[in-house]
Amino acid sequence: MNRTVLATLAGIVIPSLLIVGTAPAEGARRAKGDPTSVLTRNGEVVMAARVAGEMPTDPGDGRFENANPLTVRLYPQVAAEPRAEKGVVREAAVRAIHTEAWIAFLVEWADPDRSDVKQGTTDTFADAAALQFPLKYGEAADRLPYVGMGGPERPVNIWLWRNGGGGGPASLKATGFGTLEPVAGGGAMTAGKWENGRVRVLFARSFGASSPEEVKFAPKQIGLVPVALAVWGGEKGERGGLKTLSGWRFVKFDGGKVSPAYVRSFGWNPKIRGDAKTGETLMMRHGCAGCHVYPGNPIPTKIGPGLAGIGGIHRPGYLFESLKDPSAVIVPHKNYYSLKDGQPVSIMAPFSGPERDAYHIVEFLRTLK
Amino acid sequence: MSKRQLAMVMDLNKCIGCQTCTVACKVQWTNRNGRDYMYWNNVETAPGKGYPKNWQESGGGWEGSVLKDGKIPSLANDYGMPVQLNYEQALFAGTDPWLKATNDPAWTPNWDEDEGAGEFPNSYHFYLPRICNHCTNPACLAACPRGAIYKREEDGIVLVDQSRCRGYRHCVVACPYKKVYFNPLFNRSEKCIFCYPRVEQGIPPACAKQCVGRIRHVGFLDDEAGPVHKIVVKWKAALTLRPDFGTEPNAYYVPPLSSPKFDAEGKPTAEPRIPVAFLEKLFGPRVGEVLGLLEAERSKKARGEESELMDLLIAYRQEEMFKIR
Amino acid sequence: MLTRRQFVKGAGVAGIGAFVPVPASAARKKRDRKALKAKPPEAPSRAWEDLYRNERAATVGDAQGYAFHCSNCQGNCAWRVYAKDGIVTREEQLAEYPQINPHIPDANPRGCNKGAINSQAMYEKDRILYPMKRKGKRGGGKWERVSWDRAIAEISEKVVDILEKHGPGGLMVYAGTGIVSQGRRAGPLRLGSLLGSVRIYPSSAVGDMFTGASIAYGIPNVGHSLDAWFETDRIILWGINPNVTRIPDAHYLWEAKYRGAKIVTISPEHSSTAIHSDLWIPIKPGTDSYLAMSMVHVILKEGLVNEAFVKEQTDLPFLVRKDSGRLLRDSDLKKFPRENVFYFWDRKKNAPVEALGTMGHAKDTLRLGEADPALTGSFEVKGKDGRPIAVTTVFDRVRAEAEKFSPEATARVTGIHPSVVVKLTRDFAAAKKAGITIGFSLHKYAWGVLACWGQALACALTGHAAETGGLDTEHQWSLGGIGPLSNPKPARFASGGLSEWISGRMWETFKTHYSDEREFAERAGIPPAEVIKIADESREKKWLAWFGEPRGRILFGDNIFRRNKSQVHYQKAVLDGTDLYVNVNFRMDSSAELADYVLPGQSHYEGWDIRGDVGYHRFANLIVPPPGLKPVGEAKSEWEICRLLAAGIEAAAKRRGVPKLVDAAFNVKKEGKDAPVVRDLDTLHDDFTMSGKLKTNQDVVKWLLSNVPAFKPWKFEEAVRHGFIVLNENAGFTSPLYTDKPYHSFEEQVHLKRPYPTLSGRQTFCVDHDIFLKLGAAVPTARLPLHPKKFPLAFVSPHTRYGIHSTWRSNKYMMRLQRSEPYVYLNPALAKRKGIEDGDRVRVFNDVGEFAAMAKIHPGTPPHALFMDHAWEPHQFKGRSGMDAPVAGLLSPLELVGGWGHLKFGAEWDGNQMAYESSVDVEKA
């Protein structure tokens, strides 16, 4: 008995699969002009404004007025234990300014309850924010790191600000969940301010890095730098994996070089469409619901990564691949793989159903944001 | 699972609550470096709120294969701030009217010492020394998202890798015994290390070696020639604390006997003053059986017969209490 | 609608198109996986573990020494001391004592929490670093740092002033209970002895004399080394809390329990020791004499008497005159009598027969030979005037007295069910080896002397003595040989209890507190005014020694204003009468802070020392400072300070032309004639150093090792290598100290039939001293506690586990293991009645004084008493009014007697200060 028959018996009507294709070469066409426009249209680009002078040291630096803020949606981290079931900060505005020598970011969010590093306490956590950059980016990198702290072979560099300081150097590296390490000798300038229910955090660094484990900026060679954001609401006990995070966003330097192939490698926008409703049903049918927690799943278990917010964080291409070949990029956490013949294999079986079911499911996942 | 497990047996019938172990540990490890508030080893009075305050009600541990949620004790309210005294002002400068704690702690590691429960003259209490249990199924280890906690292959000692810890305190939440402490100075978690730097040199942990009540036996669980194996495995005379927490501790306790309750006229009854139900909550259902075993072996010894168990617990030579190689 | 084919195609197109994910190559996937596998926890890097290894190494440091803690603790435990760069890092019990016998647990590791914290305490901020002189009024807290030279010169000048004006008796040089080792005490003792200064008896001053044992045995400190507990079948722990006060030895008790011993604790509170005992007997505070007499009652009623023992080893067969109640003496029978010769009725001869071995008898034995002393009966003997004297036995007197104290009759007083007393007594009598160990608590009640005497009687009647048990107070070794070092000339050795009573004008608080004369007389047998009269009589008749009030006090390790009762009252009385007050101390305690001059002394690890007198175990420990140890501030050893003072006083005396003082209070034989002792101020330094032989405290330790018989044959170098030595068999006082057996007192008496050092030559249960007769206490009896009813709660303050008296009491680590401030224990019902909750601040008060403390609600505290761990420093209390402020002055009238047989003032007989007989009330502050 095949799945379709089963479904029919179960009284589930599967609507026809819709793949509404714009011309597949749309991106390529636009690349003749600006390959990043699709990203801009999707609200993923922070335009770095060109300014003059010394690197800012204060989040109140007036030169940030020259930059347009990008509103970035943040989602609770649910891919790995411990999970942020309910994130505190769900939205932040990011601006960037730069000169020939340095770049500075201003991240701003609403937070009515200020929390800082309280010396001499054991049960308090500080508000914090982090910017994450792939250590390698550009065409040669051929793929973005896993947005949750990178992954093996795809290290990320993280600039961390904790309200009230402490916690070691502000520059860290990671290759997956639980791998965060300070970069020896590295560092980025951070400064934060809580004022009238809003937190404003400055991150700044010169283009060149003091350690090979830190991201470098060279807008003339590559004018588009992936960046992701994470924010912790300390007063609610957020720390480590208990945080909200964004998907990859991009800081763009005016006049910087961006190759279409590089933009393509971000894996955005397959013009394939499924039906989200069908996808949700199929989540049950294919057993996805048995392992993954997501809104509307009546049997939430935490065997695999949570899926809430996954549509806001990941691109459809990544989702599709993860469904078809879960071991391609294993969410780098010890709970999600086992070793087979000495090789790590995802504990999730590759999706073996009809391809169109996979599209429906991806479509459903895209709605989770 | 480690290849071998070093374990400790603490005999509650010999513990006199003197706190020598507590101080030995403090001077060896926790009087410095942001650890000042911590007691990797503490001795509390049972029944009582203990240290940190109400640790038994603060969650953590396992429910089946799932970690239970828990709370992080607060330094000010649950651990109590280390006492600071105005020595200079009160004793040398003549500026303070008397010598006192300037920080007026709300709790201390031994706040409810000797209190226990019951009504005079049927009050009851005993001393409960506690270290990290170096569990076989450590909740702290499972909870650490960074894998910074590990159990040593060679001796089962559970350690928080100080170079990897980021101070997230999920281990503090997860440990149902609240024996992992957050170091606020260095933003990382620390705990009893079973004195591995001493153990590696053949010297027992400070709390055990310095125990003047001679209540602590240290040895490998699988070492048939060692005291711990004999007491725990062969004689089954020692039990773990709160086995219901599911972490499979490797600190064992010989449960406490107690004197009889009095009736209303002041005549001793046959009932021990520490309720068995209370002991069962702490040490599991075998408690009554073990207390019976202790009394039976004791009677043998009183009659002049041999009892290996009594001889072990008597410990004729202190060095026989330790077999750590 | 797309077909399946189209879909596949679409996917295919996407696969090569622009906006689809780049498929990862197989090779890259492999690399990813490899990296994943290499991450923790599978193979953690363990290099970080060196962090704690390095910390441990730092605490081990670069130099090691040995130490014990020379506070007033009888534990005397060997420690290893670690230092790094000249600073002590930590300490750890040496734990290397040899096992004396494979069947007795070894003594390792001796020590306690206080010892383990001393490495921290010695550098605490209460440490006195420099000589200081007060600025402004006493106790004002303002100090001027002065040089050693200036301090010594000024003090010496004032000392000579006092000596000139008031003679040697004007100066007190006193080493208090903060210094109890042979090495460190030697300095102050020697200096005071050369000067003829006043010093009081520390044991009685703090209320630690076992006077009941003194009466019975002629020795207050009797019993056994504490390893003997292990071999005892019935152990009664009476008024003692060894889990708190005998921390290093308590294990022997619980090991004995595993061996099969039954252990009973008798105490008012459910103590730390009670929790492990087979039975806890909650006794009402201060009623112990009733329980003791009740046991005696049961022994006599049930015929549990060991007659052979009693006839030979006790005065119970001695004859007593029925008319006067006095012992029948030789002087009753003979015109030219011998003193101190007594009689029993020989049942064989049916006639009175002289008891051998009494104080006045020529024959030095207890052997009865053919005689069979009657224990009971009424007889007539012919008096020296030919008239018959009706006599009976001490035994019959005892029986008549005990008749009053049946378990049923005493139950109301003691709160103990009669069946408990009966069983306790039967078990005790039946046991092969049974012992009663008492602590320092009992004699802090007015009738502790009777309780203890009654306990001794219970032991005697059942024949428990030497290796079959008996009474155990606080056994001490007899070291011998120290005299030439500590007492080169006679000093003014005065009573502790009586001297403090006089110094502190204690009769004033006594009168205030015991103002209900009828109530007092009902309990004590005499009105309060009579007690004051007996104290005066004792002073005038020199029953207890007193040499007048000193005008200058040089105190070493004596927290005089902490330990004395009626604290606030006492402090004023003493300071008002003192012209010069010098305090030598390592820390600013509640007494140092009131001094005119404070001199920085050494703490436990800093100076050479040896201690071997404590009879709990057989080891004499050494202090061998770690090589290269840096001095703490300008601290000096007591020996060095006394040597400097000797030099300073000598110089000042010479300058002022007083090279010698004739001290008429003492005579020495000179060329066969009595001549007054001369105090040679002009050779004081040379005399002090034994002509240069004893320059340093290390020299003193060497001297002790080669001159104390019990220390032989240990050589200095050998002792220093081990950190301790084992005492030889000479350390025993009334028994030899065998190498492989625990020590028990009185083997020589029991087995070799040598007399006891008592008037009767036997265990003594009849004292016919006037005062004893007046109080109806010629044989052991019981008396009600004196707590006046006008305040509802008996105030009792047993020892703490967090200090040795005030030493370490205010240490921050010890404070944190308690409540961080002084606290009182309240029974929950009492607290509820008073509206007091746990943690509340309360006021404890009576008509003598008051103090403030935190309330700790404690179900183990009896409802009609207020308990408090003792020896908090007064300066830890609001207004510096300490916990002894409301404790009234009190001496036990029975302990004031003297001039009777072995009840003569000296090391074996003196009167205590009472601490537990005051009543208080409590209210929420």
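Here is the naming used below: chain letters follow the sequence lines, and residue numbers restart at 1 for every chain.
- In this structure, the portion of B:Leu85 lying under 4.5 Å from any heavy atom of chain C is its side chain and not its backbone.
- Contacts between B:Glu200 and chain C at a heavy-atom distance below 4.5 Å involve the side chain alone, from C-beta outward.
- Taking B:Phe126, B:Tyr124, B:Tyr196 one by one and counting their heavy-atom pairs under 4.5 Å with chain C, the maximum is reached by B:Tyr196.
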Passes ring-ring contact (aromatic ring centres under 6.0 Å, His included), C:Tyr802 versus C:Trp872? Steps please.
-> CA-CA 10 Å; C:Tyr802 296 106; C:Trp872 294 100; 8.7 Å; no

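- For the options B:Glu297, B:Gln84, B:Arg32, B:Arg303, heavy-atom pairs under 4.5 Å to chain C are most numerous at B:Arg32.
- Note on B:Asp161 versus C:Arg46: no salt bridge recorded, every NZ/NE/NH1/NH2 to OD/OE distance being 4.0 Å or above.
- Of the atoms belonging to C:Lys262, heavy atoms from both backbone and side chain fall under 4.5 Å from chain B.
- Side-chain contact between C:Trp143 and C:Arg134: present, with at least one pair of heavy atoms (C-beta onward) separated by less than 4.5 Å.
- Residues B:Arg35 and B:Glu190 approach most closely at NE-OE1, 2.8 Å, considering heavy atoms.
- Of the two parts of C:Pro98, neither the backbone nor the side chain holds a non-hydrogen atom closer than 4.5 Å to a non-hydrogen atom of chain B.
- The existence of a salt bridge linking C:Asp233 and C:Arg259 is confirmed by a sub-4.0 Å separation between a basic side-chain nitrogen and an acidic carboxylate oxygen.
- Residues C:Lys878 and C:Arg841 have side chains not in contact (no heavy-atom distance under 4.5 Å, counting atoms from C-beta outward).
- For chain C, the nearby part of B:Val160 is the backbone; its heavy atoms alone come within less than 4.5 Å.
- Ranked by heavy-atom pairs under 4.5 Å with chain C, the list B:Ala101, B:Gly213, B:Pro109 is led by B:Pro109.
- Ranked by non-hydrogen atom pairs under 4.5 Å with chain C, the options B:Glu88, B:Gln19, B:Lys300, B:Glu113 are led by B:Glu113.
- Note on B:Asn31, B:Asn42, B:Leu12: by heavy-atom pairs under 4.5 Å with chain C, the leading option is B:Asn31.
- When heavy atoms are compared at a cutoff of 4.5 Å, C:Ala261 approaches chain B solely by way of its backbone atoms N, CA, C and O.
- In terms of non-hydrogen atom pairs under 4.5 Å with chain B, the most contact-rich of C:His858, C:Glu55, C:Glu593 is C:Glu55.
- Within the 4.5 angstrom heavy-atom criterion, no atom of C:Ile416 approaches chain B.
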Using the side chain to side chain contact (heavy atoms under 4.5 Å, CB included) rule, take C:Glu269 and C:Tyr825 through it: C-alpha gap first, then chi angles, then the decisive distance, then the call.
-> CA-CA 10 Å; C:Glu269 82 284 22; C:Tyr825 296 93; over 6 Å; no

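- Contact annotation for C:Ser810: both backbone and side-chain heavy atoms come within less than 4.5 Å of a heavy atom of chain B.
- In this structure, the side chains of C:Asn108 and C:Gln93 stay at 4.5 Å or more apart for every pair of heavy atoms.
- Interface check for chain B: of the options C:Thr59, C:Ile104, C:Asp838, C:Ile247, the most heavy-atom pairs under 4.5 Å are formed by C:Ile247.
- Looking at B:Cys21, neither its backbone nor its side chain comes within 4.5 Å of chain C, counting heavy atoms on both sides.
- Residue B:Glu119 places its CD atom among 12 or fewer non-hydrogen atoms of other residues, nucleotides or ligands, all under 6.0 Å distant.
- Between C:Trp280 and C:His270, the angle of the ring planes lies from 30° to 60°, which puts this pair in the tilted group.
- Exactly one of C:Glu96, C:Glu92, C:Glu91 qualifies for a salt bridge (Lys or Arg N to Asp or Glu O under 4.0 Å) with C:Arg80. That residue is C:Glu96.
- At a 4.5 Å heavy-atom cutoff, the contact between B:Thr22 and chain C is made by side-chain atoms alone.
- Neither the backbone nor the side chain of B:Asn103 comes within contact range of chain C; no heavy atom of the residue lies under 4.5 Å from a heavy atom of that chain.
- The closest side-chain heavy-atom distance from B:Asn86 to B:Leu99 is below 4.5 Å.
- With a 4.5 Å cut-off on non-hydrogen atoms, B:Ile203 touches chain C through its side chain but not through its backbone.
- Residues C:His864 and C:Lys284 have side chains not in contact (no heavy-atom distance under 4.5 Å, counting atoms from C-beta outward).
- The part of C:Ser119 that comes within reach of chain B is its side chain, from C-beta onward, which places non-hydrogen atoms under 4.5 angstrom from that chain.
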Check the pair C:Arg801 / C:Asp869 against salt bridge (charged side-chain N to carboxylate O under 4.0 Å, His left out), numbers first and verdict last.
-> CA-CA 8 Å; C:Arg801 59 161 66 92; C:Asp869 293 343; over 6 Å; no

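- Only the side chain of B:Ile193 comes within contact range of chain C, judged by heavy atoms closer than 4.5 Å.
- Contact of C:Pro828 with chain B is not made at all, since no heavy-atom distance falls under 4.5 Å.
- Neither the backbone nor the side chain of B:Ile274 comes within contact range of chain C; no heavy atom of the residue lies under 4.5 Å from a heavy atom of that chain.
- Within the 4.5 angstrom heavy-atom criterion, only backbone atoms of B:Asp36 (N, CA, C, O) approach chain C.
- Side-chain contact check for C:Arg110 versus C:Trp79: every heavy-atom pair is 4.5 Å or farther apart.
- Residue B:Arg273 touches chain C through its side chain alone, counting heavy-atom pairs closer than 4.5 Å.
- Tested against B:Tyr87 for a side-chain contact (heavy atoms from CB on, under 4.5 Å), the candidates C:Lys812, C:Met588, C:Arg587 yield a single pass: C:Lys812.
- Using a 4.5 Å cut-off between heavy atoms, C:Leu253 makes no contact with chain B at all.
- Of the two parts of B:Asp96, only the backbone, made up of N, CA, C and O, holds a non-hydrogen atom closer than 4.5 Å to a non-hydrogen atom of chain C.
- Side-chain atoms of C:Lys257 and B:Arg298, non-hydrogen and from C-beta on, do get closer than 4.5 Å to each other.
- In this structure, chain B has a heavy atom under 4.5 Å from the backbone of C:Pro102, while its side chain stays farther away.
- Inter-residue side-chain proximity for C:Tyr252 and C:Arg246 is flagged as unmet; no heavy-atom pair is nearer than 4.5 Å.
- If you tally non-hydrogen atom pairs under 4.5 Å between each of B:Glu115, B:Lys100, B:Glu319, B:Glu320 and chain C, the highest count goes to B:Glu115.
- Looking at B:Pro97, the atoms closer than 4.5 Å to chain C (heavy atoms on both sides) all sit in the backbone: N, CA, C or O.
- Heavy-atom pairs under 4.5 Å with chain B were tallied for C:Met814, C:Glu124, C:Glu255; the largest tally goes to C:Glu255.
- A salt bridge does not link B:Asp112 with B:Lys53: none of the charged nitrogens is closer than 4.0 Å to a carboxylate oxygen.
- Both the backbone and the side chain of C:Gln876 come within contact range of chain B, each with at least one heavy atom under 4.5 Å from a heavy atom of that chain.
- Neither the backbone nor the side chain of C:Ser590 comes within less than 4.5 Å of any heavy atom of chain B.
- Of the atoms belonging to C:Thr89, it is backbone heavy atoms, and not side-chain ones, that fall under 4.5 Å from chain B.
- Classified by interplanar angle (parallel below 30°, tilted 30° to 60°, perpendicular above 60°), the ring pair B:Trp111/B:Trp107 is parallel.
- For B:Lys26, the part lying near chain C is the side chain, with the backbone staying farther off; criterion is any non-hydrogen pair under 4.5 Å.
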